[in-house]
2 protein chains.
Amino acid sequence: MTDVTPTRADPPRRGRPPKAQAQLSRAAIRDAALQVIDDEGSGGLTMRSVSRVLGVDAKSLYHHVAGKDDLLDAVAEHVLEQLRIPAPTGSIEADLRALAHEFRRVTLAHPEAATLVLTRQLSSSGGLAPVEALLTVLHSAGATPEDAVHLLRTLLATLIGTLLREVSAGPLFGTSDPDEIARRRHTLENSGLPQVASAAPHLARYDRDREFDYTLDLIIDLVNARLGPRK
Amino acid sequence: MTDVTPTRADPPRRGRPPKAQAQLSRAAIRDAALQVIDDEGSGGLTMRSVSRVLGVDAKSLYHHVAGKDDLLDAVAEHVLEQLRIPAPTGSIEADLRALAHEFRRVTLAHPEAATLVLTRQLSSSGGLAPVEALLTVLHSAGATPEDAVHLLRTLLATLIGTLLREVSAGPLFGTSDPDEIARRRHTLENSGLPQVASAAPHLARYDRDREFDYTLDLIIDLVNARLGPRK
DNA sequence: ACCTGAACACCGTTCAAGT
DNA sequence: ACCTGAACACCGTTCAAGT
């Protein structure tokens, strides 16, 4: 907020007025885009809103990104690249768990960008590293390459479906707010659908951490069931 | 396409010229919107493109839908309402399988609308009927209401994740086109990632029907493993 | 009750022109 | 090499006015 007194001599400033933005670049644009999404939601992301953050004309962005679609790809890729593969522990179960939690951490770090990241095809090499990590764990669990790929796809589908639910928070899937739980429970109990009514207390409540771990337990059991017998 | 000779007298037509659209209604607007999505993709859906189909001014739509968002909800809801709950067979496994395939049939009937349907929270009572059906199967399999809800959530997450993959067709997830398989296989083999490289033939290929059934097998095993022991 | 003209405040993107 | 003025062909939505 306040000016900083430099401890060293500044580089010569010439006549150039102190622009808001020193140098436009693909990375700077991508970071600005992520900031807009964090602040205003993905609906607020426009070429113009990004350019406003950078103090630049919207059309200037086209020198560094091919268009809005390319920009979205860059953001999704960058978010996913924050994923740090956990060091293998030797326990297949612990490794899968750590990888899943890391995937969750990264995607939920920017909740407003999560749908983008989870929905957009993980095209580049950024999306390949986690795949390699997952395949490595499944391989060391004794899976053939073919089984490993099938399991990988099922595991990812479940993770993506679960994380999408966490960020979209549909009314069908419960909440954490006590008042809202009571309201929804009441609605569900009066739905006229017997199973929905008797499960209403559980349908109305959603604890994100617990629910994620429950699903994680299930799919780890699933991997064990497939791969355990052949060891 | 051709005029039909009425067998009964038409209602008096007065001076009203034969407009393209007899009567505007929420249902007609929703159907037109789905048609636009089918024809041009969800990106082509605008209030103006919908109104064009109906031969009407875009602003007229606002007398029947609250706005674009409301219209999207109406479309998603309508697609999901095509789901016909299969009659229970007595076999838990067969019932789950039939329900999953019906869910897939309905969402993939309009591929361009699928992301909308799968992503948008199934808010209204239209989304509640399949939930009731799933809970019924899980209940008859001996699940407590609490377990049934957890299993329901995991099953839906996996189905949604799998179906989203089918329609988005990310390059990381293989294809059915032989030439493209060869190309991707080559890329993956040269990725420098050992597990990705050795699984390349399987990563490059994606047979949608087989893959769906494989995942379905897995999650049915999962339900059996959870619920079987307690019977 | 239903539809629309005029209007507002936006979009993404191109292209020729400037430095 | 990078940026922008002018411009194009769009958006969703409001509101007062018409029938």
Side-chain angles (χ1 to χ4, degrees), chain A residues 11-37 39-76 112-113 115-116 120, chain B residues 11-37 39-76 112-113 115-116 120:
Chain A
R13 277 226 217 133
R14 303 291 171 79
R16 279 275 202 102
K19 275 291 189 66
Q21 168 62 25
Q23 183 73 344
L24 217 45
S25 70
R26 186 177 171 86
I29 292 170
R30 171 251 283 157
D31 290 347
L34 188 51
Q35 183 190 318
V36 170
I37 292 174
D39 291 352
E40 310 173 34
S42 58
L45 183 86
T46 67
M47 299 305 271
R48 283 162 159 97
S49 66
V50 172
S51 70
R52 232 173 278 133
V53 168
L54 295 167
V56 117
D57 189 283
K59 298 178 287 324
S60 303
L61 306 182
Y62 288 85
H63 289 263
H64 303 92
V65 295
K68 191 180 183 182
D69 222 58
D70 182 40
L71 177 53
L72 291 176
D73 278 335
V75 170
E112 295 290 342
T115 301
L116 186 73
R120 218 155 181 93
Chain B
R13 277 224 216 137
R14 303 291 168 81
R16 280 275 202 99
K19 277 287 190 64
Q21 168 61 26
Q23 183 73 344
L24 216 47
S25 70
R26 187 177 171 87
I29 293 170
R30 171 252 283 157
D31 290 346
L34 188 51
Q35 184 190 318
V36 170
I37 293 174
D39 292 352
E40 309 172 35
S42 59
L45 182 85
T46 68
M47 298 306 271
R48 282 162 159 97
S49 66
V50 172
S51 71
R52 231 173 279 132
V53 169
L54 295 167
V56 119
D57 189 283
K59 298 179 287 325
S60 303
L61 306 182
Y62 288 85
H63 288 266
H64 303 92
V65 296
K68 191 180 184 182
D69 223 57
D70 182 40
L71 177 53
L72 291 177
D73 278 335
V75 171
E112 294 290 342
T115 302
L116 185 73
R120 215 152 185 96

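Labels below follow one simple rule: chain letters A, B, ... track the order of the sequence lines, proteins then strands, and each chain is numbered from 1.
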(Q) Can you work out whether A:Leu45 or B:Arg48 has the more 5'-proximal nearest nucleotide on DNA chain C? (A) B:Arg48
Q: Select from A:Ser49 and A:Ala66 the residue whose nearest nucleotide in DNA chain C is closer to the 5' end of that strand.
A: A:Ser49
Q) Picking from C:dA7, D:dA7, C:dG5, which would you name as closest to the side chain of B:Asp57? A) C:dG5
Q.
Using the side-chain heavy atoms of B:Val56, tell me which of these nucleotides is nearest: C:dT4, D:dC11, D:dT14.
A. C:dT4
Q: Would you give the length of the straight line joining atom CG of B:Asp31 to atom OG of B:Ser25, rounded to the nearest 0.5 angstrom?
A: 7.5 Å
**Q.** Rounded distance [0.5 Å steps], CD in B:Glu112 versus CG in B:Leu45
**A.** 11.5 Å
May I have the distance from [X] (atom [atom1]) to [N] (atom [atom2]), rounded to whole angstrom?
X	N	atom1	atom2	result
A:Ile29	D:dC2	CD1	P	11 Å
B:Asp70	D:dG12	CG	C1'	14 Å
A:Glu40	C:dC11	CD	P	10 Å
A:His64	C:dT13	NE2	P	16 Å
B:Tyr62	C:dG5	OH	C1'	16 Å
B:Met47	C:dT4	CE	C1'	15 Å
B:Leu61	D:dT13	CG	P	10 Å

**Q.** Identity of whatever pairs with D:dG12 - Watson-Crick or G-U, under 3.5 angstrom
**A.** C:dC8
Q: Scan every strand shown for a Watson-Crick or G-U wobble partner of D:dA1, both distances under 3.5 Å, and answer none if you come up empty.
A: C:dT19
Q: List the steps, then state whether side-chain contact (heavy atoms from CB on, under 4.5 Å) holds for A:Asp39 with A:Val53.
A: CA-CA 11 Å; A:Asp39 291 352; A:Val53 168; over 6 Å; no
Q) Looking at side-chain heavy atoms only, is the closest gap between A:Val65 and A:Met47 below 4.5 Å? A) yes
Q: Side-chain contact test, heavy atoms from C-beta onward, threshold under 4.5 Å: evaluate it for A:Leu116 versus A:Ser42 and give yes or no.
A: no
Q: Looking at every strand, decide which applies to A:Thr46 at a 4.0 Å heavy-atom threshold: base, sugar-phosphate, or nothing.
A: sugar-phosphate
Q: Report which part of the nucleic acid A:Lys59 touches: base, sugar-phosphate, or nothing (heavy-atom distance under 4.0 Å, all strands).
A: base
Q | Below 4.0 Å: OP1/OP2 of D:dT4 and any side-chain N or O of A:Ser60 | A | yes
Q | Position toward the 5' end of DNA chain D (nearest nucleotide), B:His63 or B:Gly67 | A | B:Gly67
